[in-house]
Amino acid sequence: MATNITPRKDNYSQWYQDVISAGQLADHAPVKGCMVIRPTGYAIWEEIQAKLDRRFKETGHVNAYFPVLIPKSFITREAEHVEGFSPELAVVTQAGGKELEEPLVVRPTSETVIGHMYSQWVQSYRDLPVMINQWANVMRWEMRTRMFLRTSEFLWQEGHTAHETPEEAEAETLKMLEVYREFLEEELAIPVLAGLKSEREKFPGALRTYSVEALMQDAKALQAGTSHNLGTNFARAFDIQYLDRSNERRHAHTTSWGVSTRLIGGIIMTHSDDDGLILPPRIAPVKTVIIPLFKNPQEEAQVMAFADKVKAALGGAMDPLKVRVDTRGDLRPADRFFHWAQQGVPLRLEVGPRDVAEGKVMMVRRDNRAKTSVTLEALAQTVTDTLAAMQKDLFQKALDFRQANTHSVETYDQFKKTVEEKGGFILAHWNGKGEVEAKIKEETKATIRSIPITGKKEPGKCMVTGEPSEQRVVFAVAY
RNA sequence: CGGGGUGUAGCGCAGUCUGGUAGCGCACCUGCUUUGGGAGCAGGGGGCCGGAGGUUCGAAUCCUCUCACCCCGACCA
């Protein structure tokens, strides 16, 4: 049992903080609401970046970079956009010792500045589509912050595309939503519900917002990624126009989509246990750690030599950068076990005198602590298989949890009781009206996470008003 | 911005009511014994007690002002 981590059942929020601290993932910065992402945490972000970037490029996107400072007037050009973001802007009013003629905002998102540039780059239908992504930091001055989940500054990627037709823009929006779903489920082992956001919950300035929603171990929902069809709203505000095939001027249809360092919070809260971080093997920066065990110099020499053979035996099966050998003889074995366990490393290979004698390695899984003695010859294959099994098991466990915490209700009373006592995803009928959604949020804190876009629709009656409803929507209390 | 709280060693805290020149646990350093899930003993280093002013022979402690942070609420990837 870890002594430096508060158990989940005692205080979930404290547990989350403790896991981050014990895993050396991040630290509080001197500026309120900001965090320092430490090497162990940043390595996870780098894995996320590498894998997502590949998928973006496979779907035809290229990377570029736009500036962190945006003229304040840009934000005000799109009515809903300014209303949505004004309260949380950080604004630069002075620079070079002088008052600026026009204040600059630190980007909360880049639709405006990118829209401005696209208007200059797009003249003809031949210039479309434009499909650019950027990896960047953004700043939103939130009132309450939590490490990775909501910080004043955070890292993310934001894709911005411009298209000829509404159909193309919608197809792009849905395609990237699917990229996110697949990435979350296959790489992060986080099951998600993909769906449409309600009018109240959509991105300020969007025509439609889609999202992928995950369920955390405390039965609260986490919005893990969003994909917006912006229609012509930003094209109108920023004058992105092109001449079409029949020589008519038209506004482009744009999209934007993003995921952030919040995903790291999602990984933590989906998989980790009371001993600390558990990383799905496919996203783990260090997949395997080799820990030589010895009591004296003779054993040390013998065991170290064997540890090198063990690492070599893994050679073909794994990127050498993803294998560590912890040779610290001044730390006792248990200390080293905990160190790597709390950094979420999926597999530990213990190499002691007993193993040297038998030509074997003791392999221990981080998630279920299962121990297996493996011969050197079988090691590469066993490790590969075990990591794959662990990836699958983590996903299945999270999926089972979600299923056990998804409830259908018919009446508002049942709904309130379920929110109060169980949490989780709650499937219920709703009349589609914002006022009803607002009332539900006011009274229960639960919001509509999304309106499912796949699966069969089941008509019914709104749980609050009794009015007809085409399908159930997903409610939850969210982060 | 409303309500509540806290600032004392890297971290977590006691000491403040009743002024007397700073202490505990963890971490850190040294040595010995240990070592397959967080070791034991012995020794040691480290603090303008958030900041400024005041009262006093004397202030972490009392008074005034200030700054910062945390929790609950409104806002949110």
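Only a predicted model underlies this, so the values are computations on that prediction, with no experimental measurement involved. So you know, we letter chains A, B, ... as the sequences are listed, proteins then strands, and number each from 1.
Across the strands present, B:A14 finds no partner; the criterion is a Watson-Crick or G-U wobble pair with both atom distances under 3.5 angstrom. Pairing of B:G2, defined by two Watson-Crick or G-U wobble distances under 3.5 Å, is identified with B:C72. Applying the Watson-Crick and G-U wobble criteria (two distances, each under 3.5 Å), B:A52 pairs with B:U64. Under the Watson-Crick and G-U wobble criteria, each requiring two contacts below 3.5 Å, nucleotide B:C28 is paired to B:G44. Under the Watson-Crick or G-U wobble criterion, with both distances below 3.5 Å, B:U34 is left unpaired in every strand shown.
Rounded to whole Å, atom P of B:A27 lies 15 Å from atom CD of A:Q24. The CD1 atom of A:I20 sits 17 Å away from the C1' atom of B:C11 (whole-angstrom rounding). For A:I5 and B:G37, the CD1 to P distance is 18 Å, given to the nearest whole Å. As a whole-Å value, the separation of A:Y479 OH from B:C75 C1' is 18 Å. For A:M269 and B:A77, the CE to C1' distance is 13 Å, given to the nearest whole Å. B:G12 atom P lies 10 Å from atom CD of A:Q14, rounded to whole Å. Rounded to whole angstrom, the span from the CG atom of A:D273 across to the P atom of B:G37 amounts to 17 Å.
Here A:K295 does not reach the OP1 or OP2 of B:G36: none of its side-chain N or O atoms lies under 4.0 Å away.
Nearest to the side-chain atoms of A:R354 among the listed nucleotides B:A77, B:G36, B:G37 stands B:G36. The nucleotide whose nearest atom lies closest to any side-chain atom of A:R348 is, among B:G37, B:U35, B:A77, B:G37. Of the candidates B:A77, B:G37, B:U35, B:A77 carries the atom nearest the A:R140 side chain, counting heavy atoms from C-beta on. Nearest to the side chain of A:P333, among B:A77, B:G37, B:G36, sits B:G36. Distances were taken from every side-chain heavy atom of A:R332 (C-beta onward) to each of B:U34, B:G37, B:G36; the shortest belongs to B:U34. Listed nucleotides: B:A77, B:G37, B:A39. Nearest to the side chain of A:T151: B:A77.
A salt bridge (Lys or Arg N to Asp or Glu O under 4.0 Å) with A:R8 is found for exactly one of A:D275, A:D218, A:D273, A:D274, namely A:D274.
Contact between A:I291 and A:R348 at its shortest, heavy atoms only, is CD1-CD, 3.6 Å.
Heavy-atom neighbours of A:R54 CZ from other residues, nucleotides or ligands within 6.0 Å: at or below the threshold of 12. Heavy atoms from other residues, nucleotides or ligands lying under 6.0 Å from NZ of A:K51 number more than 12.
The base of B:G37 is not paired with the side chain of A:E350 by any donor and acceptor separated by under 3.5 Å. Contact annotation: side chain of A:N4 to base of B:G38, donor-acceptor pair present below 3.5 Å. Between the side chain of A:R336 and the base of B:G36, no donor-acceptor pair under 3.5 Å is found.
Contacts of A:T226 with the nucleic acid, taken as non-hydrogen atoms under 4.0 Å apart, are absent. Base engagement by A:E142 is indicated by at least one non-hydrogen atom pair under 4.0 Å involving a base atom. The residue A:G258 sits apart from the nucleic acid: no heavy atom pair falls under 4.0 Å. Within 4.0 Å of A:P292, counting heavy atoms only, lies no atom of the nucleic acid at all.
A cation-pi arrangement, defined by a distance under 6.0 Å to the six-membered ring centre and an angle within 45 degrees of its axis, is absent between A:R449 and A:F425. A cation-pi geometry, defined here as NZ or CZ lying under 6.0 Å from the six-membered ring centre and within 45° of its normal, does not hold between A:R55 and A:W257.
The nearest heavy atom of RNA chain B to A:G329 and to A:Q342 marks one nucleotide each, and the one closer to the 5' end goes with A:G329. A residue-by-residue look at A:H339 and A:K445 shows that A:H339 has its nearest nucleotide of RNA chain B further toward the 5' end.
Here A:F338 does not count as stacked on B:G37, because the ring centres are not under 5.5 angstrom apart with planes under 30°.
Taking the side chain as every heavy atom from C-beta outward, A:M35 and A:L25 never approach each other to under 4.5 Å.
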